[in-house]
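One structure below.
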Amino acid sequence: MNVPDFAMTHGGKFHADDVFSSALLRILNPKIQFTRVFSVPKEYDGLVFDIGLGEFDHHQHDAKVRPNGVAYAAFGLLWQKFGEQLVGAEEAQRMDEYFVQPMDKDDNTGCGNAIADVIGSFNPSWDSDEDPDVCFEEAVAFAETLLRKKLESIWGIQRARKLVKAAYADSKDGIVVLKRFAPWKHVLVGSDADFIVYPSQRGGYSAQGIPVDKENPELKYAFPAEWAGKTEDELIAISGIETLRFCHNNRFLISTGTLEDAIRACKLTRGETV
């Protein structure tokens, strides 16, 4: 990723736009140094953003607008340039929609955004002697932590996708068994799988029903209504499953002591004789 060691943005009050732009650039190049100015020198050859009417500014009359009508701000322009290299095309688009666009919209319209409000609080108060550039760096460090956590979450989902796809390929009778828990909805919602089973952090195993598809959150098979919210003793007596410990009131989740019993609970839920 060709990100130079020097970049320039506007001085004065900072916003989520220039702060998250800086955080993204610092993730791409940890050595990058920022200079905040009110006018970009003609001879400057570093990266310029949120000022100067260039590739990564959005204050010009012909500023870029997304197909959905949300105008780009500097963060969105930089994410459009570099996001795909970090997380791939599909996740870059998803990140833009749910994380970048709301901040771009706030910067362009003042519509309000919780994260932007937090970043704004890093600015010195009107009667403070704090150095705005020092406050800016504090805000960038905070934004970098948030952005790294978002990226790590995406990378985790991408790793999970490989694991879940492999388990799905090996599954039988619509019951997918994971050797360890991993986020599974991106792969299994909309598939022909009915249940997902995985080791529980509390010991034993958990099983969940899988929704019909992304537009319809209704489960293909909800666990039996007579199991919902019952005690362990009641569950065993009602179901005949020796290690059935828990069934959520909303009937999407159960837990058992063994893998075999988790699978058995799924099959019973579908009306099978086991």
Side-chain angles (χ1 to χ4, degrees), residues 1-113 115-116 119-120 122-123 132-133 135-151 154-155:
M1 300 181 190
N2 188 22
V3 176
D5 291 343
F6 299 94
M8 188 170 284
T9 189
H10 68 81
K13 185 175 181 179
F14 50 83
H15 312 90
D17 185 32
D18 43 304
V19 168
F20 271 93
S21 294
S22 302
L24 174 60
L25 292 170
R26 184 153 284 160
I27 288 171
L28 294 166
N29 179 4
K31 296 186 296 182
I32 196 168
Q33 297 180 37
F34 301 107
T35 303
R36 303 176 72 236
V37 298
F38 294 101
S39 178
V40 180
K42 291 183 179 179
E43 68 278 8
Y44 187 73
D45 63 356
L47 189 151
V48 178
F49 61 96
D50 210 27
I51 191 173
L53 307 182
E55 180 181 4
F56 302 117
D57 194 14
H58 61 110
H59 297 100
Q60 53 268 53
H61 73 278
D62 58 347
K64 292 180 68 174
V65 178
R66 294 173 175 86
N68 65 359
V70 177
Y72 284 94
F75 184 34
L77 292 167
L78 284 162
W79 182 255
Q80 184 186 45
K81 178 78 171 183
F82 297 111
E84 186 173 335
Q85 300 174 51
L86 285 168
V87 298
E90 181 181 351
E91 290 299 337
Q93 177 59 39
R94 196 190 316 275
M95 177 80 163
D96 180 76
E97 182 178 353
Y98 291 104
F99 188 77
V100 181
Q101 285 191 35
M103 279 188 277
D104 276 11
K105 187 174 182 180
D106 174 73
D107 194 77
N108 281 311
T109 69
C111 63
N113 175 271
I115 296 177
I119 294 299
F122 280 82
N123 281 282
D133 290 345
C135 294
F136 174 79
E137 285 292 343
E138 290 175 348
V140 171
F142 176 80
E144 183 182 348
T145 297
L146 291 181
L147 190 53
R148 282 189 182 277
K149 293 296 184 184
K150 291 290 293 183
L151 293 173
I154 292 171
W155 294 329

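- For the pair Ile51 and Val37, the tightest heavy-atom approach, listed with the atom from each and the gap, is CD1-O, 3.7 Å.
- Looking only at atom types and distance, the side chain of Gln101 has a donor-acceptor partner in the side chain of Asn68 under 3.5 Å away.
- Between Phe34 and Phe14, the ring center distance fails the sub-6.0 Å criterion.
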Original post:
Going through the distances and angles, do Lys105 and Asn113 end up as a side-chain contact (heavy atoms from CB on, under 4.5 Å)?
Top reply: CA-CA 9 Å; Lys105 187 174 182 180; Asn113 175 271; over 6 Å; no

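- The CG atom of Leu151 lies 11.5 Å from the NZ atom of Lys149; values are rounded to the nearest 0.5 Å.
- Separating the CD atom in Gln33 from the CG atom in Leu25 is a distance of 13.5 Å, to the nearest 0.5 Å.
- Here the side chain of Asp5 pairs no donor or acceptor atom with the backbone of Lys31 at under 3.5 angstrom.
- Contact check for Leu86 versus Leu24: side-chain heavy atoms found under the 4.5 Å cut-off.
- Here CG of Leu147 is found 11.5 Å from OG of Ser22. Values are rounded to the nearest 0.5 Å.
- Judged by distance alone, with hydrogens and angles left aside, the side-chain atoms of Asp104 form a donor-acceptor pair with the main-chain N or O of Gly76 at under 3.5 Å.
- Atom CZ of Phe82 sits about 7.5 Å away from atom CG of Asn2, to the nearest 0.5 Å.
- Every ring pair (Phe, Tyr, Trp, His ring centres under 6.0 Å) that His10 has, sequence neighbours left out, goes to His15.
- The shortest non-hydrogen separation linking Ala73 to Asn108 is N-ND2, 3.8 Å.
- Residues Glu55 and Leu77 are not in side-chain contact: their nearest non-hydrogen atoms beyond the backbone lie 4.5 Å or more apart.
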**OP:** Using the side-chain contact (heavy atoms from CB on, under 4.5 Å) rule, take Val87 and Lys150 through it: C-alpha gap first, then chi angles, then the decisive distance, then the call.
**Re:** CA-CA 11 Å; Val87 298; Lys150 291 290 293 183; over 6 Å; no

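- In terms of heavy atoms, Asn29 sits closest to Pro4 at ND2-O, 2.9 Å.
- Across all their heavy atoms, Val40 and Gly52 have their closest contact at CG2-CA, 4.3 Å.
- Note that the CZ atom of Phe75 and the CG atom of Asp18 stand 11.5 Å from one another [nearest 0.5 Å].
- Using a 4.0 Å cut-off between charged side-chain N and carboxylate O, Arg94 and Glu91 make a salt bridge.
- A heavy-atom distance below 4.5 Å is not found between the side chains of Phe20 and Val100.
- Of all the heavy atoms in Thr9 and Phe49, the pair that sits closest is OG1-O, 3.0 Å.
- Using a 4.5 Å heavy-atom threshold, the side chains of Gln80 and Asp96 count as separate.
- Using a 4.0 Å cut-off between a side-chain N of Lys or Arg and a carboxylate O of Asp or Glu, Glu137 and Arg26 qualify as a salt bridge.
- The list of ring pair (Phe, Tyr, Trp, His ring centres under 6.0 Å) pairs with a residue in residues 50-73, not counting sequence neighbours, is empty.
- Residues Val48 and Asp57 are not in side-chain contact: their nearest non-hydrogen atoms beyond the backbone lie 4.5 Å or more apart.
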**OP:** Just do the side-chain contact (heavy atoms from CB on, under 4.5 Å) check on Phe142 and Val19 with the steps written out, would you?
**Re:** CA-CA 9 Å; Phe142 176 80; Val19 168; over 6 Å; no

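- Interatomic distance, CZ of Phe122 versus NZ of Lys13, reported as 14.5 Å (0.5 Å rounding).
- When every heavy atom of Ala92 is checked against every heavy atom of Gly83, the shortest pair comes out as CB-C, 3.8 Å.
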